[in-house]
Amino acid sequence: MTALPAGEAPVETPPDAARGPRVFAFDNTYARELPGTYVAWPPARVPAPKTLYLNRELAHELGADAALLDGDAGAAVLAGNVLPDGAQPIAQAYAGHQFGGFSPQLGDGRALLLGEVVDRHGRRRDIAFKGSGRTPFSRGGDGKAAVGPMLREVLVGEAMHALGIPTTRALAVVATGERVRRERALPGAVLTRVAASHLRVGTFEFFAARGDVERLRRVADHAIARHDPALAGEPQRHLALLRAVAQRQAALVAQWINVGFIHGVMNTDNTTISGETIDYGPCAFLEAYDPRTVFSSIDHHGRYAFGNQPHIVRWNLARLAEALLPLLADDTERAVALATEVIDAFPAWYRHALLQGQRAKLGLQRSDAELDDADATLAADWLALLQAERVDFTLAWRRLADAAAGDDAPLRALFADPQAPDAWLARWRARCALDDGGAASLQAAAARAARMRAVNPLVIPRNHRVEEALAAASDDGDLAPFERLLAALKRPYDDAPELAAYAEPAPAHVTAAYRTFCGT
């Protein structure tokens, strides 16, 4: 087991790390306030760094001078050969339940937190490397990453950002000029990831499993200061933190479900305290609607299937609750009762968030409590219809907006039996009429269709398009398909001719055989 540094002194930059320009205004509270929760560690040097992707808009948001990240000098910084002034690279310690089994020590095995910045909007954000080499937590791995999986993080993260879903984001991907061995030799890369924080459920599990209540308390108080400062003065602040995390996760997974996103590896070390989506490994998007859908090559029993995601988030939150028990009450029975109240409240928070999203997707505005059951049933029956008819999830919602405008033909064309949606459409239109005061009008129909097109995307990261782009970049060094797809994903709601190819599902035989991999 790795020995973590002791003492109260702040981390020092490892002596073999070269210093570069002051790109970011770092203020590293995790390193400063939480000694004993990380190992100071330098990124590995790489032979020939070359920037493949740089998010200039995000760099500006972080207060960085993007010009300092350009060219060879910028690639050296973004690969870890030269550390920007003020960076304090650390490998964070955490544990995790992976596919239900507990690993008491995981930690950053191929990642390093460089530091924190306060962005132009006053938000504190982490800047971290992924694929920057071995650390004391690598557990025999090489600590490296490949071009394809790192560019996948760009594509899916930026798509989620454009869809309005909380997410980590990629600042840059730099090719390293070396090969990494997976099923075959692949070109290596380092990702620079930006997050609200890298605090995870597994962070709390690490210290709880060791009975280190003092560090557990410090981490919890750090999380409160970082994400929920208004809770700091509450007498039950750690219980309030649990509740806040549960509510954020309920809202997040409801958004996943409403866009058809499958995370693929929902371990507790991939469940954030911030409520952001993190770690785009074996992730994918539904095509034909089926809650049992699994794309991950390592999820042999469907634990993280699309429809299981709300249940798994609740399970992960129960693990957080267990970790926090020593902070909730001196009496264990009382602590368990308090934590159980939060975990038991999760389904209602999730259903509320899901229904809010479904109402918007259905073009409904009234949210009276007396309509909740009927509206939830209407949405559930719509999804059952899609499943029975094997209809594309994304296009079905989008073409329902056409039906709202009075044109049913595009929607019916998605069904093998064009009359299959008739009965449901009649119920939906009757419900829409309640919003319109019982009197339909062209103006109300147009307004409803516009609202629906603003929340039902046309363009998502179609799995076959993602694979085409990654294969071209990784195998041929051709970034043009990646760049075209990325540009399309930044416009998910636009109905433009140049985006049409990115809105089409893969052929059924391609989707049936599609598998994703974790990239490690």
Basic-acidic side-chain contact under 4.0 Å: [X], [Y]:
{"X": "Arg319", "Y": "Glu322", "result": "yes"}
{"X": "Arg351", "Y": "Asp372", "result": "no"}
{"X": "Arg200", "Y": "Asp269", "result": "no"}
{"X": "Asp407", "Y": "Arg412", "result": "no"}
{"X": "Asp436", "Y": "Arg366", "result": "no"}
{"X": "Arg193", "Y": "Asp126", "result": "no"}
{"X": "Glu61", "Y": "Arg120", "result": "no"}
{"X": "Lys490", "Y": "Glu57", "result": "no"}
{"X": "Glu287", "Y": "Arg462", "result": "yes"}

Phe99 ring center near Tyr304 ring center (under 6.0 Å):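 Ring centres of Tyr304 and Phe99 closer than 6.0 Å.
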ring-ring contact (aromatic ring centres under 6.0 Å, His included) involving [X] - partner list, sequence neighbours excluded:
{"X": "Trp382", "answer": "Trp397, Trp424"}
{"X": "Tyr350", "answer": "none"}
{"X": "Tyr30", "answer": "His222"}
{"X": "Phe346", "answer": "none"}

Who are the side-chain hydrogen bond (donor to acceptor under 3.5 Å, both in side chains) partners of [X], not counting sequence neighbours?
{"X": "Arg303", "value": "none"}
{"X": "Ser197", "value": "His227"}
{"X": "Asp375", "value": "Arg359, Arg431"}
{"X": "His238", "value": "Asp221"}

Ignoring hydrogens and angles, tell me if any N or O in the side chain of [X] forms a donor-acceptor pair with the backbone of [Y] under 3.5 Å.
{"X": "Arg448", "Y": "Gly363", "value": "yes"}
{"X": "Lys361", "Y": "Asn258", "value": "yes"}
{"X": "His97", "Y": "Trp315", "value": "no"}

Residue pair Gln98 / Thr268, side-chain heavy-atom distance below 4.5 Å: no
Validation: residues 493-506 side-chain donor-acceptor distances under 3.5 Å, sequence neighbours left out:
unit_1 : atom_1 : unit_2 : atom_2 : d
Asp494 : OD2    : Arg491 : NE     : 2.9
Glu498 : OE2    : Arg491 : NH1    : 3.2
Glu498 : OE2    : Arg491 : NH2    : 3.3

Take Ser367 and Gln356, measure what side chain to side chain donor-acceptor pair (under 3.5 Å) needs, and give me the verdict at the end. CA-CA 8 Å; Ser367 57; Gln356 277 190 314; over 6 Å; no
Scan residues 164-175 for pairs that pass side chain to side chain donor-acceptor pair (under 3.5 Å), counting only residues two or more places apart or in two chains. Glu158-Arg169, His161-Arg169, Thr167-Tyr280
Looking at Leu286, Leu414, Val391, Asp392, which one forms a side chain to side chain contact (heavy atoms under 4.5 Å, CB included) with Leu386?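 Only one of Leu286, Leu414, Val391, Asp392 forms a side chain to side chain contact (heavy atoms under 4.5 Å, CB included) with Leu386, namely Val391.
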List for me each residue that meets side chain to side chain contact (heavy atoms under 4.5 Å, CB included) alongside Ala244, sequence neighbours excluded, and say none if there are none.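 Result, side chain to side chain contact (heavy atoms under 4.5 Å, CB included) vs Ala244: Asp228, Leu231, Arg248.
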Within 6.0 Å of NE2 in His301, more than 12 heavy atoms from elsewhere: no
For residues 469-486, please give each side-chain donor-acceptor pair under 3.5 Å, one per line with the distance, not counting sequence neighbours.
unit_1 : atom_1 : unit_2 : atom_2 : d
Asp475 : OD1    : Arg184 : NH2    : 3.1
Asp478 : OD1    : Ala480 : N      : 3.0

